[in-house]
Amino acid sequence: MTLIQDKVQALAQSGFDVGAPVTAETPERDGGALQQFAAATIIAHPALGTFEVHGLIRDRYEQDGGIQGNALGYPLSDEEADPDVPGGRRSRFQFGQLTWSGAVGVTLVSAGGSPTPAPDPTPTPDPVPAAAAPPAPLHQLTDVTARVLRELNLVPGGSRRPGPAQRAGDAAPFLQAKMGELPADADKSTWQSLLLACEANNLTLLDTWDPQPLAAIACLSAQDTDDPQVFKLADGAFDFDGSADVQHVVLERPGNVFPKLIAVSFPKSLLESEETPFLVYFHPTLGQAVPSGYYTAAPNLKSPEDGNFYPYGWDFLFHGFWKYLNYSGPDFTTEYSIGLDYQMAQSGKAVAVVLPIFHANDGINVGDFLKPDQILLLLAEIKWFFTQKAELADGKPTAANFRVAMGAFSSATSLLATVLGNINSVFCRDVLREVYFFDAPQGVGHACVAAALAWAKDNADKHVRFYSQWTYDNYNQVLGGQKTVQSARLVVHPANPNRSVALVPQAFWEPIVNDVALKDIKARGWAAIHALVPSTLLADALARSGF
């Protein structure tokens, strides 16, 4: 069954009969699909979901051109109650929403936040809901790093912040670093008891975001051989004693916007550069972790300072920020400990690393980072924050300011593919130069390859790199169809070194990882490899970059 057929069945089970089909299922832009029924239109997108649009809201959506002509984009919800309009109904879309009320009719809240009444005369619209507020003014980013560190230090599972014990286990890297500072008689039998001992002795778990020196770390690098290339695992070292050369901050955006927080590592050597190299990294979507008990608005997981869960709740800051920037320890195989800062250093390239802190609602995800024009403005804002003198003409950066790479891991690869669908935007056409896909799930890998190649076309300066334990049926097209993707190898396009694929299944990892990691791989299978791919191979992509 297709996504649309599954949705029709699910709606029928919930009591909503969409009626007889009016059209056949038809393909839409960016890999989506649409089918008209008598009582509703069902629209599917592999990354954004499958939803129905019906009634007067459907009429308005279609009058404005639907997917092809409507600036709202794909739907992100079925029709639902509007919490901001008494008795109102709404459908949410990528870049805004359509709201219905008995007094007003259908109101369009666009991406810019302006309410537009329906084409037929209607009463004056109600005030725009807060969620649709206009974009924040320029130059109002706030450094909230100190607050983020305070929030991370209050680990749920202790006396200062009672909560699920597993959060104490999640904070194991912090706790391990403090064990030597505890009295000899302190209870260290479990992570929770160790956390309580740290609290009793007033030990601050986390003083700084600066990456910690690691005397030895396993490094992967591609070694040039005749053909193809193979990866070699070696012991390396990261000495971050000079980490003051990189500024590490979390920036907060004003207003009711998404993402609210953006983590940035900005090398000082870039402050005077005319063309700033940025790496924007998308980590997996968070909604998939909700069934596991993460990203839930339990009172003990909310921020003690403001009583809200997003963006300062512990789960968001630890699982959506901290573990992606750092390694948990010398063994890089720790699950989903990606070490972005370490891999940037390992690559030998100075790159400003930008990590949007996602929302747990998969309808929101990375928010404005799905909109190319907004990405351009946000990067200009970030550079302005660090330099205080980046040139902005009429509030808009020129394309010459930046060279941007975007990387994505797991389910987030679909989000990157969505960005690439905006081929004619200034950002995608002139500013974005490199894309890296890390272990795209089998169900979306084909679409990611297609989106990347449609974006790059025949522009030799656009880098396209795939690293995956799975083979997609169009994988070798990255190589121009002239070479074959080979297991346990990185293969480069014969005429363009900026296109490469690495097929790294279990057979690749077994000869090169340590015994502990090998046992983990054999026990957990693909899931262990899933984390190894981004935690080691981003360094290779950056080393091959044009930065």
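What you see is a predicted model; the values in this text were computed from it and never measured.
- How far CD of Gln374 is from CD of Glu381: 10.0 Å, rounded to the nearest 0.5 Å.
- A side chain to side chain donor-acceptor pair (under 3.5 Å) with Glu434 holds for exactly one of Arg544, Arg403, Lys462; it is Arg403.
- Leu479 and Val501 get closest at one heavy-atom pair: CD1-CG2, 3.8 Å.
- The number of heavy atoms from other shown groups lying within 6.0 Å of CG (Asn424) does not exceed 12.
- Leu542 is listed as a side-chain neighbour of Tyr436, based on a closest heavy-atom distance under 4.5 Å.
- When the ring-ring contact (aromatic ring centres under 6.0 Å, His included) test is applied to Phe93, the partners found at least two apart in sequence or on another chain are Tyr61.
- Atom CG of Asp458 has 12 or fewer neighbouring heavy atoms from other residues, nucleotides or ligands inside a 6.0 Å radius.
- Side-chain atoms of Asp170 and His319 form a donor-acceptor pair, as typed in the model, at a separation below 3.5 Å.
- Residues Asp315 and Arg167 are paired through a salt bridge, judged by an N-O separation under 4.0 Å between the basic side chain and the carboxylate.
- Nearest heavy atom pair, residue Lys383 against residue Thr276, reads NZ-OG1, 2.6 Å.
- With hydrogens and angles ignored, the 3.5 Å screen pairs no side-chain donor or acceptor of Gln442 with any backbone N or O of Tyr472.
- Remark: side-chain polar atoms of Ser411 are paired, donor with acceptor, to backbone N or O of Thr285 under 3.5 angstrom.
- With a 6.0 Å cutoff to the six-membered ring centre and a 45° limit on the axis angle, Arg147 counts as a cation-pi contact of Tyr312.
- Proximity of Val264 to Phe386: side-chain heavy atoms (C-beta onward) are separated by under 4.5 Å at one or more points.
- In this view, Phe427 satisfies the ring-ring contact (aromatic ring centres under 6.0 Å, His included) rule with no residue, not counting sequence neighbours.
- The two residues Ile529 and Pro505 have their closest heavy-atom pair at CD1-C, 4.1 Å.
- The two residues Leu415 and Leu370 make their nearest non-hydrogen contact at O-CD2, 3.5 Å.
- When side chains are defined from C-beta on, Ile375 does not count as touching Val404, because their heavy atoms never get closer than 4.5 Å.
- In this structure, a donor-acceptor pair under 3.5 Å is present between the side chains of Asp439 and Ser468.
- Remark: the Glu252 side chain and the Thr142 side chain contain no N/O donor-acceptor pair separated by less than 3.5 Å.
- The shortest side-chain heavy-atom distance between Arg429 and Ile423 does not fall under the 4.5 Å cut-off.
- At distances below 3.5 Å, not a single donor-acceptor pair connects side-chain atoms of Asn326 with backbone N or O atoms of Gly339.
- Atom CG of Leu538 sits about 7.5 Å away from atom OG of Ser347, to the nearest 0.5 Å.
- In this structure, the side chains of Asp245 and Ser269 stay at 4.5 Å or more apart for every pair of heavy atoms.
- Closest non-hydrogen pair, Tyr310 versus Leu261, comes out as OH-N, 4.5 Å.
- Under a 3.5 Å cut-off, the side chain of Lys483 and the backbone N or O of His493 do not form any donor-acceptor pair.
- Residues Leu432 and Phe402 fail the side-chain proximity criterion, which asks for heavy atoms closer than 4.5 Å.
- At least one donor-acceptor pair under 3.5 Å links the side chain of Thr418 to the backbone N or O of Ser414.
- Side chain of Asn498 to backbone of Ala460: a donor-acceptor contact under 3.5 angstrom is found.
- Checked options Tyr294, Phe309, Phe258, Trp322; the residue passing with Phe316 is Phe309 (criterion: ring pair (Phe, Tyr, Trp, His ring centres under 6.0 Å)).
- When only modelled atom types and interatomic distance are considered, Lys323 and Ser337 share no side-chain donor-acceptor pair under 3.5 Å.
- Here OG1 of Thr536 is found 8.5 Å from CD of Gln346. Values are rounded to the nearest 0.5 Å.
- Note on ring orientation: taking the six-membered ring where Trp is involved, the planes of Trp209 and Phe321 are perpendicular (angle over 60°, cut-offs 30° and 60°).
- Annotation: salt bridge (Lys or Arg N to Asp or Glu O under 4.0 Å) contacts of Asp368 (sequence neighbours excluded): Arg253, Lys371.
- No donor-acceptor contact under 3.5 angstrom links the side chains of Gln247 and Ser265, judged on distance only.
- Inter-residue side-chain proximity for Pro311 and Ile357 is flagged as unmet; no heavy-atom pair is nearer than 4.5 Å.
- Checked by atom type and distance alone, the side chain of Trp314 never pairs as donor or acceptor with a backbone atom of Ser303 at under 3.5 Å.
- Atoms OH and CD, from Tyr281 and Gln343 in turn, are 8.0 Å apart once rounded to the nearest 0.5 Å.
- At distances below 3.5 Å, not a single donor-acceptor pair connects side-chain atoms of Asn459 with backbone N or O atoms of Ala456.
- At a threshold of 4.5 Å between non-hydrogen side-chain atoms, the residues Ile521 and Gln506 count as touching.
- When each of Phe409, Tyr467, Phe438, Trp509 is tested with His530 by the rule ring pair (Phe, Tyr, Trp, His ring centres under 6.0 Å), just one qualifies, namely Phe409.
- In this structure, Trp455 and Cys428 approach most closely via the heavy-atom pair NE1-O, 2.8 Å.
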